[in-house]
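Reviewing the structure listed below.
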Amino acid sequence: MSVRSVIIGTGSALPARRVSNAELAETVDTSDEWIVERTGIRFRHIAGPDETTATLAADACRAALGAAGISAHEIDLIVLATATPDQTFPSSATKVQAMLGIDDCVAFDVAAVCSGFLYALQVADSMLRSGAAKRALVIGAETFSRILDWEDRATCVLFGDGAGAVVLEAQDTHDTGNVGRGILAMRLHADGRHNDMLYVDGGPSTTGTVGKVRMKGREVFRHAVVNLAAVMTETLERAELTAADVDWVVPHQANARILDATARKLHLAPERVIVTVDQHANTSAASVPLALDTAVKDGRIKRGDLIVLEAMGGGFTWGAAVVRF
């Protein structure tokens, strides 16, 4: 039997508190005009005291399971991508497992910052195709507001909190109901030489503290446009497809200017790019699945569409996936 991993459900969750640029400007030296012009961001969601990465992830999973029409007990793998876990250990994935009422399944976290969901998707895809699991929850969830320096206007205005999840199922590619669907190709990369361009200045093994996000914005922008265009082309070639075959690009929602520049570099029409950064800001590992779920729910992405998922984050890490939805 030839097996392919198919997305059968998507879901997302956002904190209750929605913060506009104008509200942020009441406490941060910034303005709505300054933020919109440079980033395209208008709103972000900020987790409250009772909301954590794991609680948001669990809510996103419940929505994805509902969309897939299956129960939590049919899941045998949970891979959660996050840079802001509830605890140093155990993994937030095991907390989600308990919240969903699953007594036993493989559950662990993946850390690749904004590229985390792509890394988690590759891990889950490999395990499903190997037969190690049948159905997986693949999650990106973050509470980045907890690691922001709210006196650094260059970074604190960029990020928000949220979670997105997909249900991935191993299906026989010869099944007539599954012709062409599933993950067709993936490519992941990392280059640790660029650690000082986007990082957190703390950790258990160094400072013993959580630390805060630090970023060199111009350098990150330059690398993002080049790397994302290259990895999308590389992944499409691996799937023996071209940009002309793509129905939708679902990118990491870091900055509207990065999205525009990447689309131009690939000669993609702007209307084929899913954009949610204006409403959610940069939610790191959550941004790709959150944007995917938004476009599925509003009817833009339909079954059979060819989509490209892509992201780049601290490390640097970056990657792309070509998926027949």
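These numbers come from the heavy atoms of this one structure, side chains and all, not from hydrogens, waters or symmetry mates. Note that this is a predicted model, so its numbers are computed, not measured.
Applying the 6.0 Å contact sphere to CD of E240 captures no more than 12 heavy atoms from other residues, nucleotides or ligands. Dense packing is recorded around CD of E74, with more than 12 heavy atoms of other residues, nucleotides or ligands lying under 6.0 Å away.
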Starting from the C-alpha separation in whole Å, work towards a yes-or-no answer on side-chain contact (heavy atoms from CB on, under 4.5 Å) for F144 and D161. CA-CA 6 Å; F144 243 62; D161 303 332; 4.1 Å; yes

Full working for side-chain contact (heavy atoms from CB on, under 4.5 Å) between M232 and T262: CA-CA 10 Å; M232 287 173 66; T262 304; 4.2 Å; yes

For the pair R214 and D149, evaluate salt bridge (Lys or Arg N to Asp or Glu O under 4.0 Å) and give the outcome as yes or no after the intermediate values. CA-CA 8 Å; R214 307 298 176 196; D149 179 352; 2.9 Å; yes

Carefully, step by step, assess V106 and V79 under the rule side-chain contact (heavy atoms from CB on, under 4.5 Å). CA-CA 8 Å; V106 177; V79 187; over 6 Å; no

Step-by-step side-chain contact (heavy atoms from CB on, under 4.5 Å) determination, N255 to N282: CA-CA 7 Å; N255 181 308; N282 183 344; over 6 Å; no

Determine, stepwise, if the pair D59 / R62 fulfils salt bridge (Lys or Arg N to Asp or Glu O under 4.0 Å). CA-CA 5 Å; D59 286 343; R62 293 185 187 102; 2.7 Å; yes

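Note that OG of S20 and CG of L24 are 8.0 Å apart. Values are rounded to the nearest 0.5 Å. To the nearest 0.5 Å, atom CZ of residue F316 and atom OH of residue Y199 are 12.5 Å apart. With rounding to the nearest 0.5 Å, the separation of CZ in F117 from CD1 in I139 is 9.5 Å. For the atom pair CZ of R324 and CG of L306, the computed distance is 4.5 Å after rounding to the nearest 0.5 Å. Considering CE of M186 and CG of L188, their distance stands at 5.0 Å, rounded to 0.5 Å. Atoms CG and CG, from D298 and D293 in turn, are 9.5 Å apart once rounded to the nearest 0.5 Å.
At least one donor-acceptor pair closer than 3.5 Å links the side chain of R181 to the backbone N or O of F325. D305 places no side-chain N or O within 3.5 Å of a backbone atom of I307 that could act as its donor or acceptor partner. The main-chain N or O of T242 is found under 3.5 Å from a side-chain atom of D245 such that the two form a donor-acceptor pair. The backbone N or O of A54 sits nowhere less than 3.5 Å from a side-chain atom of S92 that would complete a donor-acceptor pair. Of the possible polar contacts, one joining the T317 side chain to the A112 backbone as a donor-acceptor pair under 3.5 Å is found. Of the possible donor and acceptor atoms, none in the side chain of W318 sits under 3.5 Å from a partner among the backbone N and O of V231. Looking at R135, its side chain never comes within 3.5 Å of a backbone N or O of V167 through a donor-acceptor pair.
Neither L168 nor V6 shares a network with the other; the hydrophobic side chains, linked directly or stepwise wherever heavy atoms of I, L, V, M, F, W or Y lie under 4.5 Å apart, form separate groups for each. Under a hydrophobic-cluster definition in which Ile, Leu, Val, Met, Phe, Trp and Tyr are linked whenever side-chain heavy atoms come within less than 4.5 Å, directly or via other members, V28 and I46 are assigned to the same cluster. V322 is not connected to L118 by any chain of hydrophobic side-chain contacts under 4.5 Å among Ile, Leu, Val, Met, Phe, Trp and Tyr, and they are in different clusters. V166 and F108 fall within a single hydrophobic cluster, where Ile, Leu, Val, Met, Phe, Trp and Tyr side chains are chained together by heavy-atom contacts under 4.5 Å. Taking hydrophobic clusters as Ile, Leu, Val, Met, Phe, Trp and Tyr residues chained together by side-chain heavy-atom distances below 4.5 Å, Y119 shares a cluster with I7.
Contact annotation: the side chain of L184 approaches that of R4 to within less than 4.5 Å [non-hydrogen atoms, C-beta and beyond]. Looking at heavy atoms from C-beta onward, V3 lies out of side-chain contact with L128 at the 4.5 angstrom threshold. At least one side-chain heavy atom of S5 sits under 4.5 Å from a side-chain heavy atom of R129. Taking the side chain as every heavy atom from C-beta outward, W34 and N21 never approach each other to under 4.5 Å. Considering only heavy atoms from C-beta on, T235 stays 4.5 Å or farther from E310 through its side chain. Two residues are said to be in side-chain contact when any heavy atoms from C-beta on lie closer than 4.5 Å; L65 and L137 meet this criterion. Under the 4.5 Å side-chain criterion, counting only non-hydrogen atoms from C-beta, L158 is in contact with T39. Proximity of T283 to S287: side-chain heavy atoms (C-beta onward) are separated by under 4.5 Å at one or more points.
The salt bridge (charged side-chain N to carboxylate O under 4.0 Å, His left out) test with E23 is passed by exactly one of R44, R17, R42, R18: R17. Exactly one of L259, L268, V275, I274 qualifies for a side chain to side chain contact (heavy atoms under 4.5 Å, CB included) with V249. That residue is L268.
When all heavy atoms of L290 and S12 are compared, the closest pair comes out as CG-CB, 4.2 Å. Between Q279 and H45, the shortest heavy-atom distance links the atoms O-CD2, 4.0 Å. Across every non-hydrogen atom of I301 and V250, the tightest pair is CD1-CG2, 3.9 Å. Here the closest non-hydrogen pair linking Q253 and P251 is NE2-O, 2.8 Å. Closest heavy-atom contact between T53 and T143: OG1-OG1, 3.0 Å. Counting all heavy atoms, side chain and backbone alike, T207 lies closest to D201 at CG2-O, 4.0 Å.
A donor-acceptor contact closer than 3.5 angstrom links the side chains of E142 and T84.
Relative ring orientation between H223 and H194 is described as tilted, the plane-to-plane angle lying within the 30° to 60° band.
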May I have the list of side-chain donor-acceptor pairs in residues 93-105 shorter than 3.5 Å, sequence neighbours left out?
residue: T94; atom: OG1; partner: S91; partner atom: O; Å: 2.6
residue: K95; atom: NZ; partner: D86; partner atom: OD2; Å: 3.1

